[in-house]
Amino acid sequence: MEVTARAPGKIILAGEHAVVHGYTAVASSIDLYTVFSIRLRSDDDTVKLKLNDIGLDFSWSVRRIKEVLSHLGSPFSSTPTSCSLETIKSLATLVDEQSFPETKIGLASGVYAFLWLYTSILGFKPATVTVSSELPVGAGLGSSAAYCVSLSAALLALSDSVKLDVSQKGWSTFNESEAELVNKWAFEGEKIIHGKPSGVDNSVSTFGNVIKFKSGVMTRVNSNMPLRMLITNTKVGRDTKALVANVSARKSRHPDAMCSVLNAIEAISDEWSTIIQSHAVDDLYLSANEEKLGELMEMNQGLLLSIGVSHASIENVLQTSMKYKLASKLTGAGGGGCVLTLLPTHISGEVIGKLVEELGSFGFQSFTAGIGGKGVQISFDHSS
């Protein structure tokens, strides 16, 4: 039997940077996925990991994994546990034994996370594991969280800690307590990759829909608006830590002005969550709400510009989308990365195509995505 799990990426709709200072942010799932497939094997004695999108394959003998990680003992799938520094060093030993290209070394932490989650949840069982993703890496769309969530879900589906109907065809979901277990394990994987993640990305990927986040407290929001965004990846790398530090420094220099800006951003986040929870009684009402959201995006972007996190590439996207009377804003850290453009229900495919083509002339990559969809899902294949 092969088990496959898919988990969505995420975008920040409103509140980035303000959230670092204790204000509200709103994040949403998008219908772009990372997919893990795992097939346990009895005809082999290796754990194979295939990263399809980057063309990397790894293989470890079960004997070698046991030898290096013998201190872990039996799997503990029902008890999400942090990876110790000692174990990180052991994982590094296993990864260093592989021919990891120097140009891809930044992805090594993702392989550490794989080995930790795999051995913690399933133990030392031979298997072939493949992963593919529609999410660009390092673009602020939650690719690492979707990786950890889909991996944790697939592993738990093969463990004794969740009870799923393996005869069900198509995609199915976890119940609330099972999804929470997936989320906790995914957070442990995120900690290996990022050190001190907020937990927002993996929560959005696990539960889907929309989440409000403030001072470490997450509230799930049920969106009732069928929204679509054009997501434009400027492919401009950014230093998130430096951007956050610069905003903090500006706040120290101008406390009163920055307090007003951050309060305004929080008001935008709160209004976002209110609007998307409302039920559209007709097309006119829906169009009016879309117009309000567009205005909120424009205001939010102006405020983000005022705190110093925009970039020339982001401004190119804004100016281009403005030609088509469409509202845009950066999402995530800024300084490059991705930009969101709200696509109203009345917009034609022809207009979207022209916009994508024009944005492509800057070297940007654009793709459409629905927001607020389902979180992690699972399916089973009994063939072969």
Side-chain angles (χ1 to χ4, degrees), residues 3-10 33-38 47-54 56-60 64-65 68-69 71-72 75-77 79-98 100-101 104-125 127-133 135-159 161 181-206 376:
V3 61
T4 299
R6 70 176 188 178
K10 75 91 180 58
Y33 299 93
T34 293
V35 179
F36 259 96
S37 295
I38 303 176
V47 174
K48 296 176 181 176
L49 173 63
K50 299 182 178 183
L51 304 174
N52 287 345
D53 299 300
I54 53 178
L56 291 180
D57 292 357
F58 303 97
S59 181
W60 300 270
R64 179 57 178 156
I65 296 175
V68 175
L69 300 176
H71 59 282
L72 292 184
F76 36 93
S77 59
T79 312
T81 306
S82 296
C83 185
S84 67
L85 184 58
E86 175 194 4
T87 302
I88 287 284
K89 291 177 180 176
S90 298
L91 297 173
T93 298
L94 289 170
V95 174
D96 289 345
E97 292 171 355
Q98 304 287 311
F100 214 114
K104 305 288 186 182
I105 201 67
L107 302 174
S109 60
V111 183
Y112 295 175
F114 164 77
L115 287 166
W116 167 249
L117 292 171
Y118 189 95
T119 52
S120 299
I121 296 172
L122 277 190
F124 306 110
K125 296 179 179 179
T128 297
V129 182
T130 59
V131 58
S132 59
S133 184
L135 297 163
V137 175
L141 299 181
S143 60
S144 67
Y147 173 96
C148 291
V149 170
S150 54
L151 171 58
S152 298
L155 292 169
L156 286 166
L158 291 167
S159 76
S161 295
L181 183 61
V182 170
N183 194 38
K184 287 178 178 177
W185 270 118
F187 185 58
E188 296 305 330
E190 277 277 84
K191 287 199 290 190
I192 293 172
I193 296 172
H194 292 298
K196 293 182 179 180
S198 67
V200 173
D201 287 14
N202 51 277
S203 295
V204 172
S205 189
T206 299
V376 65

Could you please spell out the steps behind the side chain to side chain contact (heavy atoms under 4.5 Å, CB included) verdict for L151 and W185?
CA-CA 9 Å; L151 171 58; W185 270 118; over 6 Å; no

Inter-residue atom distance L117.CG - S152.OG, 0.5 Å rounding:
4.5 Å

Report yes if the side chains of I121 and F76 come closer than 4.5 Å at any heavy-atom pair, otherwise no.
no

Looking only at heavy atoms, which two atoms of A5 and A154 are closest? And how far apart?
CB-N, 3.7 Å

Residues N52 and S132: side-chain donor-acceptor under 3.5 angstrom
no

Give, for atom OG1 of T206 and atom CG of N183, the distance between the pair rounded to the nearest 0.5 Å.
4.0 Å

Test item: N202 side-chain N/O and A186 main-chain N/O as donor-acceptor pair under 3.5 Å
no

Short side-chain to backbone donor-acceptor contact, T93 and K89, under 3.5 Å
yes

S77 meets the side chain to side chain donor-acceptor pair (under 3.5 Å) criterion, sequence neighbours left out, with S161

Answer yes or no: is there a side-chain heavy-atom contact under 4.5 Å between F114 and V47?
yes

With sequence neighbours excluded, residues passing side chain to side chain contact (heavy atoms under 4.5 Å, CB included) with A113
I192, I193

Do P197 and F187 touch side chain to side chain, with heavy atoms closer than 4.5 Å?
yes

Heavy atoms only: give me the nearest P8-A146 pair and the separation to one decimal.
O-CB, 3.6 Å

Can you tell me how far the CG atom of L91 sits from the CG atom of L69, to the nearest 0.5 Å?
5.5 Å

Salt bridge (Lys or Arg N to Asp or Glu O under 4.0 Å) filter on K50, not counting sequence neighbours, yields none

Could you pull out the closest heavy-atom pair between Y147 and V111, with the gap in Å?
OH-N, 4.2 Å

Are L115 and W60 close enough, and set up right, to give a side chain to side chain contact (heavy atoms under 4.5 Å, CB included), and what steps lead you there?
CA-CA 10 Å; L115 287 166; W60 300 270; 3.9 Å; yes

Report yes if the side chains of C83 and E188 come closer than 4.5 Å at any heavy-atom pair, otherwise no.
no

I'd like to know if the side chain of T81 reaches the main chain of T79, judged simply by a donor and an acceptor atom lying under 3.5 Å from each other, with no hydrogens or angles considered.
yes

Spatial distance of atom CG (L135) from atom CG (L141) [nearest 0.5 Å]:
6.0 Å

In Å, rounded to the nearest 0.5 Å, how long is the span from CG of L49 to CG of D57?
8.0 Å

Donor-acceptor side-chain pairing of T87 and S90 below 3.5 angstrom
no

Main chain of G9, side chain of Y33: is a donor-acceptor contact present, judged purely on distance under 3.5 Å?
no

Partner set under side chain to side chain contact (heavy atoms under 4.5 Å, CB included) for D201, not counting sequence neighbours:
K10, A145, E190

So which of S144, S150, S205, S133 actually passes side chain to side chain donor-acceptor pair (under 3.5 Å) with T34?
S133

CD1 on I38 to OG1 on T128, rounded to 0.5 Å:
10.5 Å

Stepwise side chain to side chain contact (heavy atoms under 4.5 Å, CB included) check, V131 with V35
CA-CA 6 Å; V131 58; V35 179; over 6 Å; no

Shortest non-hydrogen separation from L94 to I65 and the atoms involved:
CD2-CA, 4.4 Å

Residue pairs meeting side chain to side chain donor-acceptor pair (under 3.5 Å), one or both in residues 109-123, sequence neighbours left out, come to none

Name all residues meeting the side chain to side chain donor-acceptor pair (under 3.5 Å) criterion together with K48; count only those two or more places apart in sequence or in a different chain, and write none if there are none.
D44

